[in-house]
Amino acid sequence: MKHVIVIGGGVAGMQCAAELAMQDIKVTLLEKKSDTGGKVRGWHKLFPTFTPADEVLSGLRHKMALTQNITTKTGCEATTITPQKVTLSTGESINCDAVVVATGYTLFDAHIKEEYGYGIYDNVITSADLEEMFNKDDVRMKDGSTPRRIAILHCVGSRDEKVCQRHCSKVCCVTGVKQAIELKQMYPAADVFNFYMDIRMFGPGYEEMYREAQQKYNVHFVRGRISEVSPNIDNRLQIKAEDTLTGRPLKMGVDMLVLLIGMKSNDHNASLKADCGLQCQNSGFMQPKDSFLHNTESNIEGIFYAGAITAPKNVAEALNDGATAALRVKDWLNKQ
Amino acid sequence: MKRSSWTDYQKDIADDHYYYARSCIRQNFFPGSEKVFLNILGKDLGRDIFDDPLHTSCTGIGYHSDVVPLETIMAVVARQFSLMSDAGYENFTSSCITSFGIYTELLATWEEFPETEERTRENLYKATGREFKKPKNLAHTSDVIFHHREAIAQRAKRKLVNVYTGEPLKVVEHIGCHYAKIFPKSGIGGSEFPYVLAGMVESWGGELVDYPERRHCCGFGFRNYLVQANRGYSISNSHKKLESMAPYKPDFIVCNCPGCSMFLDKWQYTIAEMDGTTYGQNGQGIPVLTYEEMAGLVLGYDPWELGMQMHQVDVEPLLDKMGVEYDPSAKYLGRNGKYLGRPEPTAVNSYSSRDTRYFIKQ
Amino acid sequence: MTFFADFCIPFIVGEIILFTAIAIKYIMWLKGLPKSDKKLILKGAFSPRFFTATWEVIRESLLHHRIFKVNPLLGYMHMSLAFGWFLLISVGWIETIAYLGLKMIPLHGHVFFKYFIPLNEITAHKPMFDFVMDFLLLFVLSGVTLAWIKRMRSRAMGMKKTTQHISFDRIALTALWFVFPVRLLCESVTSAIYGGGSFLTGGIGTLLAAGINTEILHAIYEPLWWLYSCALGIFFVAMPFSRYMHIFTEIPLIFLRHFHLRPEAKEKSYDNFEVEACSRCGICIDPCQLQMQLGINDVQSVYFLRDRRKNRLQQKIANNCLMCGRCEQICPVGINLNTLRLNSRTSMRNIPNESRYKYLKNLDRSSGEGRVGYFAGCMTLLTPNTLSAMQRIFDAAREDVWWADKNGGVCCGRPLKLSGESDSAQKMIDYNKSLFYKHNITILVTSCPICLRIFNEEYKLDGIEVLHHSEYILRLIEQGRLHVNYSTEHTFTYHDPCELGRGSGIYNEPRAVIEAIGTLLEPSHSRKNALCCGSSLANTAINDSQQLTIARNVAEDLDNTGAETIVTACPLCKKAIARGATHQVKDLSEIVAANIL
Amino acid sequence: MINFGFTINKPRTIDLNRNNLNKSNEVIREMPELQTCIGCGSCTASCTAGNLTDFNFRKVHTLVRRGEYQGAYEEMNKCMLCGKCRLVCPRGINTRGVVMLIKRKLGDF
């Protein structure tokens with residue numbers, strides 16, 4: 001029986017492991033955290049259908065349990081990778097026939113965009129914090145009161161050369177729209193403003209959701225990036241932006257500011273490049289063999305990619321990637 | 001607000017042996033401030049500071065008004081550095097924010113584009129026969145005070161506290177665009193949450209006001225002020241800042257930059273005259289202090305010795321609040337008791353008219 | 001004989017209120033007429049038009065000929081009520097005269113004749129009258145029965161929707177429903193007690209006398225007459241304030257109309273006659289596409305007129321109308337529904353003395369030179385195929401053309417007029433008119449029916465002949481200046497634009513042009529019955545998806561003809577239908593240009 | 001008051017805290033589809049009046065939504081209501097209705 005190591009227990013890794021296992025391949029799934037599920041574990045509902053994130057994860061877990069072929073090792077990181085052997089941070093090394101790297105991405109650290117006051121002002125939160133609040137069903141200001149006006153800022157840590165993040169993180173626009181709708185459902189009387197540079201509704205049902213947010217939920221969309229946040233005398237946050245569609249500066253007080261943080265490539269990717277000979281893109285995401293026919297393969301035969309390790313992806317794309325990588329692995333193993 | 005971010009922006013500030021470069025605006029409009037700075041460093045703190053009569057303007061005003069070309073200003077700055085080396089100093093400290101910005105900018109330019117440094121050396125040599133060494137440490141004089149703020153606090157005669165209520169005084173600080181906006185790393189606390197003045201205020205017992213337009217320009221804007229037709233832009237900016245801070249009822253404004261001190265002070269008079277709006281307690285204006293004056297008051301200097309009679313907005317209400325004893329009749333007496341003349345009373349400058357008699361010595 | 005009993009009081013009170021109210025209304029309205037209208041009345045009253053008007057009153061107010069044409073059952077209902085009642089009154093009158101001779105008898109004396117004069121005496125005297133009166137009563141009662149059915153189940157009467165009424169209407173309607181059955185009862189009980197009566201009252205009377213104790217009959221006798229009087233009294237009081245005002249108002253309206261009085265762009269006193277002549281029959285509801293396709297049930301002309309009469313018209317009602325004219329052409333009273341709606345909008349929105357559109361001054365973006373001017377219209381600039389087709393047609397006919405607005409011109413003013421801003425529209429009119437005269441054109445061709453309509457109706461272009469491009473193209477073909485290729489293989493269907501068909505009466509010209517090129521297949525709704533494309537500029541209330549729903553329905557009708565090309569002659573219709581059609585949609589000019597020999 | 005030869009410029013900033021948004025909210029409540037504007041500018045590009053003047057429908061209604069009413073009524077009065085914008089709007093906004101609504105809310109009828 002062939003043995004494949006899948007590094008990263010997010011949705012892409014889980015999907016890949018499950019698919020491989022069903023092909024009678026022995027899989028070891030390595031997860032750095034204490035449990036599988038990756039970033040999706042922190043999400044509340046997934047756009048554009050408002051499917052609970054748990055549903056996707058439990059579906060994947062169920063699929064993984066269909067066979068006995070998967071061994072999940074949590075709490076361990078891979079340090080060096082070759083197609084034949086993966087060395088763990090514990091010093092242990094595991095032999096294998098192929099490796100799938102599905103270590104995903106890192107959320108952009110909003111502290112770096114200091115002008116938005118994350119970590120400085122109480123009611124500046126990130127989209128990930130908001131998901132957590134949704135999960136606890138407790139979206140409130142720090143002092144416990146109900147927000148009357150909420151601003152959602154797009155492209156925090158995306159498309160911003162000032163923080164060396166030139167790429168578009170792809171999912172923030174639609175997340176902003178989704179969260180705006182959820183906030184309006186929770187607080188219909190609140191005003192929700194989305195500050196955007198471009199609205200990129202690339203997926204099926206996304207544009208419809210955007211439109212619904214505008215027409216049905218009366219979410220305001222202002223094209224312009226917030227320049228700075230400062231406290232107001234009434235303890236609200238004053239934000240400044242340009243309403244570029246009218247060509248006028250705009251300011252207002254808000255009770256809560258949600259920063260849609262982007263996807264940053266893992267710092268670890270640099271060591272994959274340095275220590276394992278894998279290729280990186282300028283953005284820091286890993287470089288697949290090519291962008292079309294071999295987009296789940298690395299430049300090293302026997303090492304494969306799945307999910308957001310190669311570029312920002314949404315959950316559905318990461319799942320597709322996991323399945324595709326599994327197929328590619330099987331093909332490759334058959335050829336050996 | 002969790003004000004921890006300033007710790008991300010720290011810089012080395014020399015502890016002693018400073019070469020001092022004066023500021024054009026400060027020495028003309030707030031001469032007491034520069035004098036008291038030298039006194040505080042030299043006498044109070046016992047540090048070595050050299051006030052070199054040979055140094056010149058950095059020509060920053062001309063540079064920012066597109067009158068002085070880059071190469072010229074590089075040569076002028078190189079000459080200052082050369083004078084510093086001649087005097088045997090390595091730590092350069094400048095009184096002016098714009099100068100500080102210029103020095104930082106040029107040092108960075110020389111770093112990034114070494115050929116410009118070479119050309120500057122050549123130019124300086126051809127023009128003056130001088131050579132120069134770059135300073136080991138560059139700091140603004142406020143950085144120096146910031147560095148010694150705890151030492152000053154130990155020697156403090158007064159605190160930034162309202163003696164009637166016991167409450168800390170509410171202070172608005174303004175660091176000036178050229179201090180940290182060009183290179184956030186060059187200023188303490190960076191440009192978003194600057195700490196250089198805030199640190200002094202907190203060490204000396206005051207309370208900082210964080211208001212929405214805190215980072216906004218004072219309105220000087222060089223050619224926006226220098227060309228009369230553009231002064232509307234200039235005053236509108238000051239107006240915006242004052243409108244934004246007014247609801248917080250600050251007791252005074254402390255400025256880092258001599259230009260800012262001047263404009264935030266004098267425009268208050270102009271705004272009062274133009275549309276009748278006055279700020280501060282009883283509409284008497286918000287006093288604007290330089291940080292040297294603030295330090296001087298804390299250390300117990302006489303306000304008139306600090307040159308505070310030169311302000312547009314009367315400082316007496318602030319002095320009263322701080323419990324500073326002063327002689328009202330000595331306000332407009334200059335050195336050797338010579339009468340300086342007094343301004344016409346206005347909304348923001350009315351104490352002189354309430355005031356009694358003056359000793360007029362010809 | 002005194003001809004008075006206590007129960008007459010409700011009737012007398014009602015009668016007085018009715019006649020006073022009507023008198024006050026008519027006097028006020030006539031007084032409010034502008035001088036020119038008063039002159040028309042004087043002129044008309046002494047002309048043969050007086051007699052034609054009288055004939056129409058008989059035909060329409062009594063016989064309801066036009067309703068008959070639309071819906072025979074409904075026509076019969078209206079006729080039986082109106083004509084039947086009229087005959088009851090007049091025959092009753094003759095009856096009294098015949099019985100008592102010519103003498104002054106108060107009105108209630110006529111109405112309650114059978115209370116005052118012992119019934120058996122009348123029957124003995126004039127059995128013929130008894131029969132006729134009973135017959136007429138039966139005739140009216142048949143109408144009442146139909147009215148009940150209509151109210152319960154409008155579909156049974158061939159109507160999908162009937163009018164939703166308001167309180168005064170309901171009161172009057174209920175009273176009216178009571179009048180004739182109660183009259184029947186009164187007369188039957190009278191007959192039961194005193195004998196007499198013909199087949200109906202007499203027959204029921206005999207049955208009652210046989211089945212019910214005489215004491216009981218005596219006991220209910222007076223209350224029944226009270227009930228009859230009350231029903232009439234209540235109806236009379238409610239009448240001037242309810243839809244039944246139309247009974248009287250239609251008569252002066254017919255006369256005034258024959259004297260050439262018409263509603264105009266601004267509201268005037270004459271409008272009252274039109275507004276109150278509406279019987280709220282609800283015939284206008286069914287053809288309305290807003291009702292048919294979108295289920296909007298509160299904006300149709302009947303409700304518009306009702307709200308306007310009650311002074312509670314809201315913009316959202318006034319603005320929610322396609323002004324397609326489908327209701328106007330079917331209205332049995334012939335009310336100028338579109339004009340009234342337009343002048344209502346004008347009253348609501350027009351702001352006179354406004355210094356708007358100053359930017360029009362000294363503007364001239366026209367190009368070319370020629371005696372024939374072509375005005376594309378704003379919308380045509382979004383259908384450039386029409387523009388280039390017209391260019392080819394002009395070239396083929398060797399016509400020198402002055403292009404008024406090829407590079408963007410000034411709107412014709414019709415959209416502003418349609419939204420009630422008629423003073424602003426006048427600014428467009430004045431501008432374009434002076435432009436036309438400045439360039440010395442003699443013929444003005446437009447491919448936009450919206451523009452065409454206002455050119456014809458408001459521009460008053462003396463010395464300039466205004467033609468729709470369908471008319472112009474047909475003329476070129478007929479004059480032999482334009483030769484087109486005919487082929488039976490080409491099949492077309494044609495959509496009548498509202499503003500061109502019902503609006504300007506141009507039905508045949510486009511059809512003639514199409515038939516010169518290929519075969520024309522008519523859709524199920526065409527000519528006067530044609531549907532509106534839904535994008536009408538007149539409606540600013542419905543949203544895009546509602547427009548699309550209407551357009552799809554129209555397109556389906558046209559697609560169903562199986563024609564390979566849907567032809568229309570309006571840029572707006574073209575855009576709208578193309579959204580829903582599976583076949584290609586072309587402007588008339590395009591198919592002509594493609595088939596020039 | 002002294003004339004110094006210059007004036008204190010009114011800030012161009014749209015201050016949503018200070019602006020009275022009542023009318024703006026009324027407009028959006030009556031015509032929620034106006035919120036779906038994505039600022040493509042088709043309306044302004046096709047505008048008959050915009051071809052002759054500086055009238056910019058998109059900008060004016062956006063400003064109205066932000067509570068900046070000054071001059072909006074006068075601007076909207078440049079519109080000839082020809083309806084081209086409604087034909088080109090990719091979001092299907094009833095633009096003519098918007099013009100009339102804004103004029104009604106901000107004008108005096």
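Just so it is clear, the model here is predicted, and its values are computed rather than measured.
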Novice: Hey, which of A:Ile150, A:Asn123, A:Ile226 is the one that makes side chain to side chain contact (heavy atoms under 4.5 Å, CB included) with A:Leu257?
Specialist: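 By the side chain to side chain contact (heavy atoms under 4.5 Å, CB included) criterion, A:Leu257 pairs with just one of A:Ile150, A:Asn123, A:Ile226: A:Ile226.
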
Novice: Can the positive tip of A:Lys39 be found less than 6.0 Å from the middle of the six-membered ring of A:Tyr105, inside 45° of the ring normal?
Specialist: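 Positive - A:Lys39 is close enough to the ring of A:Tyr105 and near enough to its axis.
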
Novice: With chain D as the partner, which of A:Arg223, A:Lys216, A:His220, A:Glu212 has the greatest number of non-hydrogen pairs under 4.5 Å?
Specialist: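 Result: the option with the highest number of such pairs is A:His220.
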
Novice: Is a side-chain donor-acceptor pair under 3.5 Å present for A:His154 with A:Asn194?
Specialist: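 Side-chain D/A pair, A:Asn194 to A:His154: present.
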
Novice: Checking A:Asp243 against A:Thr246: is there a side-chain donor and acceptor pair closer than 3.5 Å?
Specialist: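 Result is yes, a qualifying pair exists.
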
Novice: Against chain D, label A:Val222 side chain, backbone, both or neither, depending on which of its atoms sit under 4.5 Å from a heavy atom there.
Specialist: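 Backbone plus side chain of A:Val222, per the 4.5 Å heavy-atom cut-off to chain D.
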
Novice: In residues 57-69 of chain D, which residues are in contact with chain A at a heavy-atom separation under 4.5 Å?
Specialist: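 So the qualifying residues are D:Arg58, D:Lys59, D:Thr62, D:Leu63, D:Arg66, D:Glu68.
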
Novice: Would you tell me whether A:Tyr121 and A:Asn235 have side-chain atoms, one donor and one acceptor, within less than 3.5 Å of each other?
Specialist: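 Short answer, no.
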
Novice: Chain A: which of D:Pro11, D:Pro32, D:Cys37 shares the most heavy-atom pairs with it under 4.5 Å?
Specialist: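 Highest number of heavy-atom pairs under 4.5 Å: D:Pro32.
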
Novice: Quick check on A:Asn232 against chain D: is it the side chain, the backbone, both or neither that has a heavy atom closer than 4.5 Å?
Specialist: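 Side chain only.
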
Novice: For A:Asn218, is it the side chain, the backbone, both, or neither that has a heavy atom closer than 4.5 Å to a heavy atom of chain D?
Specialist: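 For A:Asn218, backbone and side chain are both near chain D.
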
Novice: Which bit of D:Ile93 comes within less than 4.5 Å of chain A, counting heavy atoms only: side chain, backbone, both or neither?
Specialist: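 Neither part, no heavy atoms under 4.5 Å.
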
Novice: Is it true that the NZ or CZ of D:Arg91 lies under 6.0 Å from the centre of A:Tyr210's six-membered ring and within 45 degrees of the ring axis?
Specialist: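 Yes, a cation-pi geometry holds between D:Arg91 and A:Tyr210.
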
Novice: Let's go through A:Lys313 and A:Thr310 carefully: what are the C-alpha distance in whole Å and the side-chain angles of both, what is the deciding distance for side chain to side chain donor-acceptor pair (under 3.5 Å) to 0.1 Å, and is it a yes or a no?
Specialist: CA-CA 9 Å; A:Lys313 285 180 183 129; A:Thr310 51; 2.6 Å; yes

Novice: Any chance the side chains of D:Arg86 and D:Thr95 put a donor and an acceptor closer than 3.5 Å?
Specialist: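 On atom types as modelled, these side chains do not qualify, holding no pair under 3.5 Å.
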
Novice: Looking at chain D, which one of A:Glu242, A:Arg248, A:Gln215 has the largest number of heavy-atom pairs inside 4.5 Å, strictly under?
Specialist: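 Top count of heavy-atom pairs under 4.5 Å with chain D: A:Arg248.
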
Novice: Can a donor-acceptor pair be found between the side chains of D:Gln35 and A:Tyr217 at a distance below 3.5 Å?
Specialist: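 Side chains of D:Gln35 and A:Tyr217: no pair found under 3.5 Å.
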
